[in-house]
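Each chain gets a letter, A, B and so on, in the order its sequence line appears, and its residues count up from 1.
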Amino acid sequence: MNEPFHTRRRAHHLVGLALAAASLASLLLSAKTLGYARDEGFYFVAARSYQRWFDVLFQEPGRAVTKPTIDRYWSYNSEHPAVMKTLFGFSNRIFTKKLGWLSPSTSFRLPGMLTAALCVYLIYLWGATVFGARAGFFAAAAFALLPRPFYHAHLACFDMPMTAFWLLVTYLYWRSLASWRLGLAAGVAFGFALGVKLNAAFMPLVLGFHYACLVAHRCLNRTGAGAPWPKPWAFLFGLVVAPPIFIGHWPWLWHDTLARLKEYVGFHSTHSHYNTAWFGENIIGAPTPLALPTVMTLLTIPTVVIALTLAGSLLRLRHHLPRFVERRLADACPPRGPVSTNGLDLLLLLTLVFPIALISLPDIPKFGGTKHWMPAFPAMAILAGAAASRLSDLAASLFSRFPAKAVGAFTVAFLLLAPLQQTITSHPFGLCSYVPLVGGAPGAASLGMTRQFWGYTTAGVLPWLNEHVPRGGTVFFHDTVAPSVEMFREEGALRRDIRSTDVRRSSFALLHHELHMIRNEAWIWNDYGTIVPAHVLTYQGVPIVSVYERPSGDGRPRPEMRGDE
Amino acid sequence: MDRPGFRVRMVWLWGLVPAIALAEMVMQWRIPRQEPSSDEWKAAARAIGAEKGVNDLVVTAPAWATQGRMSLGALVPVADFGRFDTTRYDRVFEVSLNGARAPETEGLPVESEESFGRIAVRRYRLSPRATVLYDFMQHLGEAHRENGGYTNPVLMIDHWFNPRFVMPVPLKRRTVALTFENVPTGGVLRGYGLIGYRSGRFNKGGPVSLRVFVDGAHVGGASFRNFGPLEPFELALPGRQPATVRFEVSAVDNLSREFGLAADVRRKPGAAP
């Protein structure tokens, strides 16, 4: 292979953009069946509130920047910065209200989908430029076809955007080691990354460590005395431009800046633990299991991608072996692929390991499936791409009767089939998906792992509710928050006359199955006087949502056993 | 080093990757096909319904297959669903998916097995069941309640997320008492106490105490704590005349927790009827 670095750059951009467009199209086409996640409901409200502030800004700029006006519109959901919520709002304003091209939920979700497409583009670009087009293609496609990230890529949330900005900053930093312009771009991107989610604040740790290693290597390696020093532009520009971007993008910080920054950091440094099922145990407090992120990654990323990531890591490690090992292996197993430029291999390894290691710490709350360490997955995909490319070369040499390009393309396509199949069959149950080697969702349920969270699977029972709930009937929607239920109504997925209420006043009750949610199910059993659901939505045979119907003529007094949750 | 041999091994090692991909695809294709249809559930329920006696228990394996309740319906009464143990049953009908076993049937020999598509119904015989002389749960509505209480049993969730059918007892600053008249004696008062699961943030607080009185005399009690073992308490209930049994429940702190009590009077093991 040994493709020279930075060649065919324009072609790489074009192919990357085509893959990104395909990714975006697949997300737009598959969005309709995906219910609204709990957090999306809050962000819909926040995005609308912030847009009302922009209305004021456009009409009375002087009034818009006053503290009372800012507080009125920006206090809602001020525990998260505003880049994505502002984009959700503008997307809704443009694509739904002005142009009428997209449904309200899809327009809110579009910016998140665009960040997923950005990931695909950057993964291809980075993978193709360093390991070849085939590696880049596999990496980009494999990332787009990871079942859980595919789910997150649809949402008006921050986890996929954070993944995209983490990748963007990392890529630009790596390129900036030889270019001040890209250092400036990295600094700007870092400013916006801080505006996406707090996770970005950890990036300087990773990149700083990488840079320190590069400098130390340059100092210790006498043979590289003539080589240029890695340039620290990304850090310098990051220090200068990122803070004003972070504060400037978020009007809530314009008054009482220090106090509010403290409040923001304080919220996250003392973040509540939420429920996570872990081998039959309910985790809701420190110390949390160290192995959870690693095990969840293994249980949810298609195993072929894990195997290729491992193989890709070993292939890259082959370039960095000590001399005595090198001498033994040199003939039998020569290093393949390009040499590591500007600490590429170390950077990929750090990007893969750090997000997982950070969330593994015992005091860190662990919830939300795999979403909090998704920034590790692009590096995983690139390393897997390097291995897939090597495997396709090997296949071409084994089947030399056939055209090498065709064999290579077939190999890459074959390796993508399993992730493709898992992604297609898991939609719209992305958070319920587990790899088939552990038995899929049934296997995970038997192991006692988290079945779902965020109450987004309500969409799957709406047709049943629309058919069975009498006119003006009442439904307890359990984990689906009110703004999400309202969005179902707004888009016509739920009949407008169906009212949302609590268990005691409801005629129908939903239960999103999670280990700790059985307490909520007990409320329904006791209040309805039955343990028999009227309808159960399953995924791979595992109950996801149960719908209870209050038996008619049931007027028995029930003990009040509900509490705090 | 045998270099050609090393290369062959490397090729085989690489060959594992497409093999994994293929295995994944086949398994992914198979998994949803192992889900029983509603007809299969109904057929299994019909077969059990034809044979099940009043003292038989129906369980599903794996336990997460709760969609089965739609077909099993009345075959699983609430009291059975929220049982603490199997000492009150003669036999167990196990509705099994893909060969799964329920904990209740562990170590028991299969008496009979019948397949309904992807569902197997197995029957097991349990040890001779206890003879229950009086079930406090069934008389909760008639009980005299002091300082609060409820008239009907409920399902409460234990700290391991199992539903338990109990008499709910509110925890208050004052002792809460339940008094039952005309309770047959001459056996064993056996029961379970349960601090219900609320949420990790609220599962705190000291023990909950239970004191039992028979005709005014204190005969024993038990203490329960959060995440404590779910073990039965047993108290001898001597005498031949019906008696008044009084349960007193008290807790010193975190009164926002929930407490549940399940108890009966049963004939002593080995005693003549």
> With a 4.5 angstrom heavy-atom cut-off, which part of B:P18 approaches chain A: side chain, backbone, both or neither?
both
> Counting only non-hydrogen atoms closer than 4.5 Å, does A:L394 touch chain B with its backbone (N, CA, C, O), its side chain (CB onward), both, or neither?
side chain
> Would you mind checking which part of A:T303 comes under 4.5 Å of any heavy atom in chain B, side chain (CB onward), backbone (N, CA, C, O), both or neither?
both
> Are B:F180 and B:H139 an aromatic pair, judged by ring center distance below 6.0 Å?
no
> Pick whichever of A:A307, A:A395, A:P543 has the most heavy-atom pairs under 4.5 Å with chain B.
A:P543
> Among B:R69, B:E24, B:E35, B:M27, single out the residue with the greatest number of heavy-atom pairs under 4.5 Å to chain A.
B:E24
> Between chain B and each of A:Q421, A:Q540, A:R451, A:Q422, count heavy-atom pairs under 4.5 Å; write down the option with the most.
A:Q421
> So which part of A:H513 gets closer than 4.5 Å to some heavy atom of chain B, the side chain, the backbone, both or neither?
side chain
> Using heavy-atom distances under 4.5 Å, tell me whether A:E521 contacts chain B through its side chain, its backbone, both, or neither.
side chain
> Is the closest side-chain donor-acceptor distance between B:Y192 and B:D85 under 3.5 Å?
yes
> Counting only heavy atoms closer than 4.5 Å, note whether B:W29 contacts chain A via side chain, backbone, both or neither.
both
> Could you tell me whether B:E40 and B:R118 have a side-chain N and a carboxylate O separated by less than 4.0 Å?
yes
> Quick check on the interface: out of A:A387, A:A522, A:A441, who has the most heavy-atom pairs with chain B under 4.5 Å?
A:A387
> Under a 4.5 Å heavy-atom cutoff, which of B:Q67, B:R30, B:Q34 has the most pairs with chain A?
B:Q67
> Nearest 0.5 Å please: distance from the CZ atom of A:R519 over to the CG atom of B:D158.
12.5 Å
> Is the distance between the ring centroids of B:W41 and B:F116 under 6.0 Å?
no
> Examine B:F259 together with B:F224 and report whether their ring centres are nearer than 6.0 Å.
yes
> Looking at the rings of B:F136 and B:F247, which for Trp means the six-membered one, are their centres under 6.0 Å apart?
yes
> Using a 4.5 angstrom heavy-atom cutoff, name the option from A:L437, A:I531, A:V536, A:L416 with the most pairs to chain B.
A:I531
> With ring centroids as reference points, do A:H273 and A:F367 lie under 6.0 angstrom apart?
no
> Which atoms of A:L398 come close to chain B, meaning under 4.5 Å heavy atom to heavy atom: side chain ones, backbone ones, both, or neither?
side chain
> Is the shortest distance from a Lys or Arg side-chain nitrogen in B:E146 or B:R174 to a carboxylate oxygen in the other one below 4.0 Å?
no
> What part of B:F161 gets within 4.5 angstrom of chain A, counting heavy atoms only: side chain, backbone, both, or neither?
both
> Side chain, backbone, both or neither: which part of A:P302 has a non-hydrogen atom closer than 4.5 Å to chain B?
both
> Hey, could you give me the CE/CD1 distance between B:M25 and B:I20, rounded to the nearest 0.5 Å?
12.0 Å
